[in-house]
2 protein chains.
Amino acid sequence: MGTEIDNKLHSKDIKPTAMRQLVLQVLTEQKTAISLPELERKFEKADKATLYRTLKTFEKHKLIHSIDDGSGTVKYALCQDTCECQPEDLHVHFLCAKCNQTFCLNDFPIPQINLPSSFSLESVNMVVKGVCSNCMI
Amino acid sequence: MGTEIDNKLHSKDIKPTAMRQLVLQVLTEQKTAISLPELERKFEKADKATLYRTLKTFEKHKLIHSIDDGSGTVKYALCQDTCECQPEDLHVHFLCAKCNQTFCLNDFPIPQINLPSSFSLESVNMVVKGVCSNCMI
DNA sequence: TCTAACTTTGCAACCCAGTTGCAACAACTT
DNA sequence: AAGTTGTTGCAACTGGGTTGCAAAGTTAGA
């Protein structure tokens, strides 16, 4: 049953098309962030532009957030239920240099920086690079 | 006199070709980080690939460091004299959402994060986005 | 129910940053 | 002077991201 999926879509005001259900399904099963090219590979038959626009729609409705981890391709991960994509929802991301997987470290809020008052602050991107537990062995 | 420039190149073990002198000159005069496309525009007559390789050479010899500020194009800025591009040399970068300029906040070291021990840590990228003092007016 | 308005999808094409192969050229060595 | 090496310029390509447009699907109104 895709009821969970449909609920989630509905709660974020996104019309539940087949495509969107499938993409959200994948995003939900995924433990790490996923990029558009990766998503394309998961859906051999689906069109790049459609997947692209699906992700954009999800992002706009705050179902997912985008992560620029410096790997060259933007990745996407589900927001937490309470997430409003506001500064206080921001967390650290971890990029594994070996497997290239990106993790949301939801328990690690981004430390505060006290900039000179001449700079206003909108958002902060913090990506830690290293080796993840799976690749440590 | 390009003596300063030549000294700098020499001190980093980079052969002082005309191209490199010119690029380093620009980088030195620049107060903010500069991208390859921007550099191309400054040198209408120079070849993209040459500029690209010049930057790569500089980076390899730790004369400059690259900055991925999430703007879509990687930028480059001079390292400080003492910089070894090690974790302790890392600093926060600031991207102005209005003018798209990127600043090295050399006085702002990246705050430490205590990851679970299952993650090893190699480097951290921290980019603050906001409005710079020039654009605040 | 039939139709008009709107949304979503699929295809194609495009943009642009980054990168590489290769040949011409320059500098350096013996 | 010839050979070796490093540098430059040109061209071409890669790959992620993005957009225009027409076809297909959905929704709502008469």
Side-chain angles (χ1 to χ4, degrees), chain A residues 2 5-6 9-10 12-26 33-61 63-77 95 100-102 125 127, chain B residues 2 5-6 9-10 12-26 33-61 63-77 95 100-102 125 127:
Chain A
I5 299 291
D6 283 357
L9 288 173
H10 185 255
K12 299 283 183 178
D13 265 310
I14 303 168
K15 279 193 223 167
T17 69
M19 195 73 245
R20 291 172 182 170
Q21 289 167 335
L22 289 170
V23 171
L24 180 51
Q25 185 70 51
V26 167
I34 191 170
S35 67
L36 175 56
E38 282 165 344
L39 205 55
E40 284 178 64
R41 268 170 252 134
K42 293 226 174 199
F43 293 96
E44 288 291 343
K45 311 193 65 175
D47 180 58
K48 185 166 72 148
T50 305
L51 293 172
Y52 169 74
R53 284 188 274 232
T54 301
L55 290 175
K56 285 294 181 186
T57 301
F58 284 3
E59 189 184 12
K60 195 168 63 181
H61 287 78
L63 177 55
I64 63 179
H65 60 281
S66 67
I67 307 159
D68 187 334
D69 59 11
S71 68
T73 62
V74 176
K75 292 172 185 166
Y76 299 86
L95 168 65
N100 201 39
Q101 302 259 42
T102 299
N125 182 31
V127 178
Chain B
I5 299 292
D6 284 358
L9 288 173
H10 185 256
K12 298 285 184 177
D13 264 310
I14 304 168
K15 280 196 221 165
T17 69
M19 196 72 244
R20 290 170 182 171
Q21 289 168 334
L22 288 171
V23 172
L24 180 50
Q25 185 72 51
V26 167
I34 190 169
S35 68
L36 175 56
E38 281 166 344
L39 205 55
E40 283 178 64
R41 269 170 253 132
K42 292 225 175 201
F43 292 96
E44 287 292 343
K45 310 193 65 175
D47 180 57
K48 185 167 69 151
T50 304
L51 293 171
Y52 170 74
R53 286 188 274 234
T54 301
L55 290 174
K56 285 294 181 188
T57 302
F58 285 3
E59 190 183 13
K60 196 168 61 182
H61 287 78
L63 176 55
I64 64 178
H65 61 281
S66 67
I67 307 158
D68 188 335
D69 59 11
S71 68
T73 62
V74 176
K75 292 173 185 164
Y76 299 87
L95 168 65
N100 200 39
Q101 302 259 41
T102 299
N125 182 31
V127 178

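Values below: every heavy atom of this structure, side chains too, minus hydrogens, waters and symmetry copies. Computed from a predicted model, the values in this text were never measured in an experiment. Just so it is clear: chains get the letters A, B, ... in the order the sequence lines come, proteins before strands, and each one is counted from 1.
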Roughly how far, to the nearest 0.5 Å, is [atom2] of [Y] from [atom1] of [X]?
X: B:Gln25; Y: B:Ile5; atom1: CD; atom2: CD1; result: 4.0 Å
X: B:Leu24; Y: B:Leu63; atom1: CG; atom2: CG; result: 5.5 Å
X: A:Lys75; Y: A:Ile67; atom1: NZ; atom2: CD1; result: 8.0 Å
X: B:Leu95; Y: B:Thr102; atom1: CG; atom2: OG1; result: 4.5 Å

Fill in: Where at least one partner belongs to residues 50-59 of chain B, residue pairs that pass side chain to side chain donor-acceptor pair (under 3.5 Å), sequence neighbours excluded
B:Glu59-B:Ser66
For [X] and [N], give me the distance from atom [atom1] to atom [atom2], rounded to whole Å.
X: A:Leu9; N: C:dT7; atom1: CG; atom2: P; result: 18 Å
X: B:Lys60; N: C:dT19; atom1: NZ; atom2: P; result: 14 Å
X: A:Glu59; N: D:dG17; atom1: CD; atom2: C1'; result: 13 Å
X: A:Gln21; N: D:dT26; atom1: CD; atom2: C1'; result: 14 Å
X: B:Asn100; N: C:dA17; atom1: CG; atom2: P; result: 11 Å
X: A:Leu39; N: D:dG15; atom1: CG; atom2: C1'; result: 16 Å
X: B:Lys75; N: C:dG18; atom1: NZ; atom2: P; result: 11 Å
X: A:Leu51; N: D:dG16; atom1: CG; atom2: P; result: 13 Å

Discussion item. Categorize A:Lys56 for me: base, sugar-phosphate, or nothing, with a 4.0 angstrom heavy-atom threshold over every strand shown.
Written reply: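 The answer is sugar-phosphate, as A:Lys56 gets under 4.0 Å only of primed atoms, P, OP1 or OP2.
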Practice prompt. Not counting sequence neighbours, which residues clear side chain to side chain donor-acceptor pair (under 3.5 Å) with A:Thr17? List them please.
Written response: none
Discussion item. So which atom in A:Leu55 and which in A:Val23 form the shortest heavy-atom distance, rounded to 0.1 Å?
Written reply: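 Looking at all heavy atoms of both residues, the closest pair is CD2-CG1, 4.4 Å.
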Fill in: Minimum heavy-atom distance between A:Leu51 and A:Met19, given as atom pair plus value
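That would be CD2-CE, 3.6 Å.
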Worksheet entry | Proximity to DNA chain C (any heavy atom under 4.0 Å), residues of residues 63-73 of chain A only | none
Fill in: Residue list, salt bridge (Lys or Arg N to Asp or Glu O under 4.0 Å) with A:Lys12, at least two apart or on another chain
none
Discussion item. Is the phosphate of D:dG17 approached by A:Tyr52 (side-chain N or O, under 4.0 Å from OP1 or OP2)?
Written reply: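 Answer no for this pair, as no side-chain N or O of A:Tyr52 is under 4.0 Å from OP1 or OP2.
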Item to complete: Output all residues satisfying side-chain contact (heavy atoms from CB on, under 4.5 Å) with B:Lys15, sequence neighbours left out; order by chain, then residue number.
Response: B:Arg20
Worksheet entry | Axial bend angle, the helix from C:dT1-D:dA30 to C:dT30-D:dA1: five-pair end segments, nearest 10° | 0°
Between side-chain atoms of residues 33-46 of chain B and protein atoms elsewhere (two or more places apart, or another chain), which donor-acceptor pairs fall under 3.5 Å?
{"residue": "B:Ser35", "atom": "OG", "partner": "B:Glu38", "partner atom": "N", "Å": "3.2"}
{"residue": "B:Ser35", "atom": "OG", "partner": "B:Glu38", "partner atom": "OE1", "Å": "3.3"}
{"residue": "B:Glu38", "atom": "OE1", "partner": "B:Ser35", "partner atom": "N", "Å": "2.8"}

Every protein N/O lying under 3.5 Å from an N/O of nucleotides 4-13 of chain D:
{"residue": "D:dG6", "atom": "O3'", "partner": "B:Lys15", "partner atom": "NZ", "Å": "3.4"}
{"residue": "D:dT7", "atom": "OP1", "partner": "B:Arg20", "partner atom": "NH1", "Å": "2.8"}
{"residue": "D:dT7", "atom": "OP1", "partner": "B:Arg20", "partner atom": "NH2", "Å": "3.0"}
{"residue": "D:dT8", "atom": "OP1", "partner": "B:Thr17", "partner atom": "OG1", "Å": "2.7"}
{"residue": "D:dG9", "atom": "OP2", "partner": "B:Thr50", "partner atom": "OG1", "Å": "3.4"}
{"residue": "D:dG9", "atom": "O6", "partner": "B:Arg53", "partner atom": "NH2", "Å": "2.6"}

